[in-house]
Amino acid sequence: MYGTIDGFNYGATTPLAAYLMACLGGALGLRCTARSVRTQRSWKPGWLALGSASIGSGIWTMHFIAMMGFHVKETPVGFDIPTTLLSLLVAIVVVGIGVFMVGYRGVSRGVLLSAGVFTGLGVAGMHYIGMSATRMRGHLEYSVPTVLLSVLIAVVAATVAVWAAVTVQGFRAGLGSSMVMGVAVTGMHYTGMAAVSVRLDDVLGASVGGNAPASPILPMLIGPVIFLVVAGTIIMFDPLLVLGEGEWNQKKADSSRLPPPPPRPVWPARPPEDPVQAPASRPAPPHGGQEYGGW
């Protein structure tokens with residue numbers, strides 16, 4: 001007997017919130033990756049580690065926010081905490097491989113393709129390990145073609161996002177790449193969920209009503225969400241990350257270009273005195289026209 005699955009128990013609330021978290025994690029991670037390409041070698045590992053953790057946390061947070069809307073009518077749903085945390089670690093490590101490839105091997109076509117593959121596999125690996133943490137009165141079964149399609153969506157969209165983040169400069173390019181990364185994560189998730197069916201173990205106990213797993217998930221989301229907020233705060237104080245190299249350099253050039261000084265006033269020149277007419281211009285002497293010298 002198969003269970004009745006509802007992946008949107010809270011309507012559009014969970015998909016929208018999940019997509020926003022995926023975009024946030026993608027925006028922070030991709031901008032850090034782009035920053036590492038243009039920074040000094042001593043700072044490169046820090047930016048790359050921050051980018052890997054941001055993307056991995058965004059993927060993980062998106063997945064479990066979306067899973068808050070996962071509901072099986074015939075059985076309650078829970079999660080195994082160690083496996084859930086393992087999925088977060090896998091996301092950070094596998095995505096980190098792709099991120100560090102871009103940071104240290106450049107932005108050639110082969111490197112970007114390999115980085116996109118690793119990033120997409122990190123998304124897919126996190127999803128299916130997270131799904132294996134699900135606990136219910138039954139077990140999950142998958143449609144293999146749909147699973148392969150979900151992995152393909154993750155790899156293609158992640159490759160496009162990485163390419164846009166490191167080759168196209170500016171705030172709009174960063175925003176666009178983060179939205180594409182959000183599509184990679186959420187598109188992969190809901191395509192993978194379309195491949196799921198639940199085979200119930202106990203038909204007699206199947207009459208027990210299920211519940212959406214919001215309560216066990218919420219405490220686990222606090223840490224990654226706080227991390228994303230802190231990472232976003234760090235990035236806010238780096239104008240090169242916010243604006244992009246091209247816009248930041250243009251802004252510095254505009255600020256260094258001082259306006260020209262105002263023109264100096266031009267006063268009319270005093271006409272020279274004519275030496276012939278100069279005595280006539282003197283006032284008449286007093287005392288009847290006689291001019292006295294000194295004693």
Once side chain to side chain contact (heavy atoms under 4.5 Å, CB included) is applied, do any residues pair with [X], and if so which ones, sequence neighbours excluded?
X    : value
A124 : V151, M188
I226 : I222, V230
A53  : F227

Task: Worked verdict on S132 versus T83 for side-chain contact (heavy atoms from CB on, under 4.5 Å) - done: CA-CA 8 Å; S132 69; T83 309; 3.6 Å; yes
- [ ] Mark yes when over 12 heavy atoms from residues, nucleotides or ligands other than I81 sit less than 6.0 Å from its CD1; otherwise mark no.
- [x] no
At their closest point, which heavy atom of [X] faces which heavy atom of [Y], and how far apart are they?
X    : Y    : answer
G11  : P15  : O-CD, 3.3 Å
G182 : C23  : CA-SG, 4.0 Å
M136 : T134 : CE-CG2, 3.1 Å
S177 : L30  : O-CD1, 3.7 Å
A18  : I65  : N-CG2, 3.8 Å
I92  : G56  : CG1-CA, 4.0 Å

Open item on the list: By the side-chain hydrogen bond (donor to acceptor under 3.5 Å, both in side chains) test, which pairs, at least two apart or in different chains, include something from residues 85-99?
Closed with: W60-S87
Is there a path of hydrophobic side-chain contacts, each under 4.5 Å between heavy atoms of I, L, V, M, F, W or Y residues, that connects [X] with [Y]?
X    : Y    : result
V225 : F64  : yes
M21  : V180 : no
V198 : Y2   : no
M1   : V72  : yes
Y142 : L152 : no

Report the distance from atom [atom1] of [X] to atom [atom2] of [Y], rounding to the nearest 0.5 Å.
X    : Y    : atom1 : atom2 : result
K73  : L200 : NZ    : CG    : 12.0 Å
H63  : T186 : NE2   : OG1   : 13.0 Å
L140 : R199 : CG    : CZ    : 12.0 Å
W47  : S52  : CH2   : OG    : 13.0 Å

Open item on the list: By the definition side chain to side chain contact (heavy atoms under 4.5 Å, CB included), identify the one residue from T14, V123, V185 that meets it with M62.
Closed with: V185
So do the side chains of [X] and [Y] get within less than 4.5 Å of each other, counting heavy atoms only?
X    : Y    : result
F70  : N9   : no
F79  : M67  : yes
V183 : M179 : no
R137 : V77  : no
I5   : V196 : yes
C32  : L48  : no

Tell me every residue that passes side-chain hydrogen bond (donor to acceptor under 3.5 Å, both in side chains) with [X], counting only those two or more places apart in sequence or in another chain.
X    : answer
D6   : none
S143 : T146
T4   : E74
S150 : Y128

TODO: Might you work through the side-chain contact (heavy atoms from CB on, under 4.5 Å) test for H139 and D201, ending with a clear yes or no?
DONE: CA-CA 7 Å; H139 60 276; D201 292 337; 3.4 Å; yes
Name each donor-acceptor pair under 3.5 Å that joins a side chain in residues 93-119 to protein atoms two or more places apart or in another chain, with its distance.
{"from": "S114", "atom 1": "OG", "to": "G110", "atom 2": "O", "distance (Å)": "3.0"}
{"from": "T119", "atom 1": "OG1", "to": "A115", "atom 2": "O", "distance (Å)": "2.8"}

Open item on the list: Enumerate the ring-ring contact (aromatic ring centres under 6.0 Å, His included) contacts for residues 16-38, please, sequence neighbours excluded, ordered by first and then second residue.
Closed with: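 Residue pairs with at least one partner in residues 16-38: there are none.
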Open item on the list: Determine whether a donor-acceptor pair (N or O, by modelled atom type, separation under 3.5 Å) exists between the side chain of T84 and the backbone of D80.
Closed with: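 Checking the backbone N and O of D80 against the side chain of T84, a donor-acceptor pair under 3.5 Å is found.
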Open item on the list: Under a 3.5 Å distance rule, please check whether T61 uses its side chain to pair with a backbone N or O of G58 as donor and acceptor.
Closed with: no
TODO: Output all residues satisfying ring pair (Phe, Tyr, Trp, His ring centres under 6.0 Å) with F8, sequence neighbours left out; order by chain, then residue number.
DONE: Y190
Open item on the list: My understanding is that a hydrophobic cluster links ILVMFWY residues whose side chain heavy atoms are under 4.5 Å apart, including indirect links. Using that, what else belongs to the cluster containing V144?
Closed with: L148
TODO: Output, in order, the C-alpha distance, side-chain angles, deciding distance and verdict of side-chain contact (heavy atoms from CB on, under 4.5 Å) for V162 and T33.
DONE: CA-CA 9 Å; V162 172; T33 304; 5.7 Å; no
- [ ] Show your reasoning for whether side-chain contact (heavy atoms from CB on, under 4.5 Å) applies to R135 and T75.
- [x] CA-CA 10 Å; R135 297 293 181 264; T75 177; over 6 Å; no
